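Data block below; observations after.
This structure is a prediction, so every number in the text was calculated from the model and none was measured.
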Amino acid sequence: MEQWITHFMEQYGYWGIAFLIFLENVFPPIPSEIILTFGGFMTTKSDLSFIGVTITSTIGSVVGAIVLYGIGAWIGERNLYRFVNRYGKFLRVKTKDIDRTIQWFDKYGYWTIFFCRFVPLLRSLISIPAGLTRMNLPLFMLFTTIGTLIWNIVLIYLGQAVGGNWHAIVYYMDIYSRIIYIVLIILAIFIIWKWFKRQRKHK
């Protein structure tokens with residue numbers, strides 16, 4: 001995949017970067033680390049500029065986030081509640097659980113959007129619950145843009161700074177991603193355990 005990504009970027013320049021980052025948001029397994037660090041490296045050996053790569057990658061990311069937001073809005077809270085009412089007893093999920101989750105997201109959602117832009121996988125998926133709860137779209141775009149811009153600038157700068165050794169940045173970012181995945185898995189197991197424990201207590 002790495003060779004295809006770098007070849008695509010070399011062939012299509014800014015448009016290729018914007019398109020690949022858009023795909024990375026909609027299809028998370030595509031690694032943004034490769035796109036951004038190689039984009040930074042390309043600023044040292046091509047006509048691409050740091051500002052140009054930063055702007056186009058940020059546009060691609062925000063557009064991808066809006067698409068996922070739209071998917072969440074299309075699903076909607078009503079359909080989510082219908083699903084829980086129909087199948088919740090099998091999954092041991094109640095509408096009260098959905099109420100609490102939505103209330104929490106309404107309270108902390110904007111900062112969650114911002115900080116999740118630095119977390120692999122969640123960087124993309126967090127846009128769906130934002131749309132699901134119909135978060136204020138301009139504010140969603142604002143926090144998404146700021147968080148994405150910081151992430152993009154850091155990786156593009158690192159790719160530019162190390163030049164031909166940009167693979168080293170990808171290597172360390174891969175380690176970072178794996179650590180984050182392990183933390184997320186542990187956190188998910190803990191949340192599920194606490195949830196089952198609470199269910200048994202109520203019974």
Do you know which two heavy atoms are closest between [X] and [Y], and how far apart they sit?
X	Y	result
Gly39	Val53	O-CG2, 4.0 Å
Gly109	Met135	C-CE, 3.6 Å
Glu24	Ser32	CD-CB, 3.4 Å
Thr144	Ala65	CG2-CB, 3.9 Å
Tyr14	Asp47	OH-O, 4.0 Å
Thr37	Ile34	OG1-O, 3.5 Å

Checklist entry - How are the rings of Phe114 and Phe118 set to each other: parallel, tilted or perpendicular (split at 30° and 60°)? => result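 Aromatic pair Phe114/Phe118 classed perpendicular.
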
Hey, could you give me the [atom1]/[atom2] distance between [X] and [Y], rounded to the nearest 0.5 Å?
X	Y	atom1	atom2	value
Asn136	Leu142	CG	CG	10.0 Å
Ile35	Phe22	CD1	CZ	12.5 Å
Thr43	Leu48	OG1	CG	7.5 Å

Checking [X] side chain against [Y] main chain: does a donor-acceptor pair fall under 3.5 Å?
X	Y	result
Ser124	Asn25	yes
Thr133	Ala130	yes
Ser61	Ser57	no
Arg117	Thr148	no

Item to check | Under the ring-ring contact (aromatic ring centres under 6.0 Å, His included) test, residues paired with Phe143 that sit two or more places apart | outcome: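 Checked Phe143 against ring-ring contact (aromatic ring centres under 6.0 Å, His included); matches are Tyr110, Trp111.
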
Checklist entry - When you look at Phe38 and Met9, which way does the side-chain contact (heavy atoms from CB on, under 4.5 Å) test go after all the steps? => result CA-CA 9 Å; Phe38 184 71; Met9 290 172 63; 3.7 Å; yes

Checklist entry - What's the verdict on side-chain contact (heavy atoms from CB on, under 4.5 Å) for Ile17 and Tyr12, showing C-alpha distance, side-chain angles and the deciding distance? => result CA-CA 8 Å; Ile17 293 170; Tyr12 295 103; over 6 Å; no

Checklist entry - Quick one: are Leu125 and Leu68 in side-chain contact, heavy atoms under 4.5 Å? => result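 Sidechains of Leu68 and Leu125: no contact.
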
Checklist entry - Any side-chain heavy atom of Ile21 within less than 4.5 Å of one from Leu36? => result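 In short, these two side chains touch, coming nearer than 4.5 Å.
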
Item to check | Intermediate values then yes/no, side-chain contact (heavy atoms from CB on, under 4.5 Å), Ile153 and Ile150 | outcome: CA-CA 5 Å; Ile153 287 175; Ile150 295 172; 6.0 Å; no

Checklist entry - Does the gap between the ring centers of Phe140 and Tyr69 come in under 6.0 Å? => result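 Yes, they do, as the ring centres are separated by less than 6.0 Å.
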
Checklist entry - Transitively linked via ILVMFWY side-chain contacts under 4.5 Å: Trp15 with Ile156? => result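 The answer is no; the residues belong to distinct hydrophobic clusters.
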
Next on the checklist: We want to know whether Asn152 and Thr54 form a side-chain donor-acceptor pair, criterion being a heavy-atom distance below 3.5 angstrom.
Outcome noted: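 Checked: Asn152/Thr54 side chains show no N/O donor-acceptor pair below 3.5 Å.
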
Next on the checklist: Just checking Phe19: does its CZ atom have more than 12 heavy atoms from other residues, nucleotides or ligands closer to it than 6.0 angstrom?
Outcome noted: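 No, CZ of Phe19 has 12 or fewer neighbouring heavy atoms, counting only those of other groups under 6.0 Å.
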
Checklist entry - So Gln160 and Met42, side-chain contact (heavy atoms from CB on, under 4.5 Å) or not? Walk me through it. => result CA-CA 8 Å; Gln160 185 184 62; Met42 287 180 66; over 6 Å; no

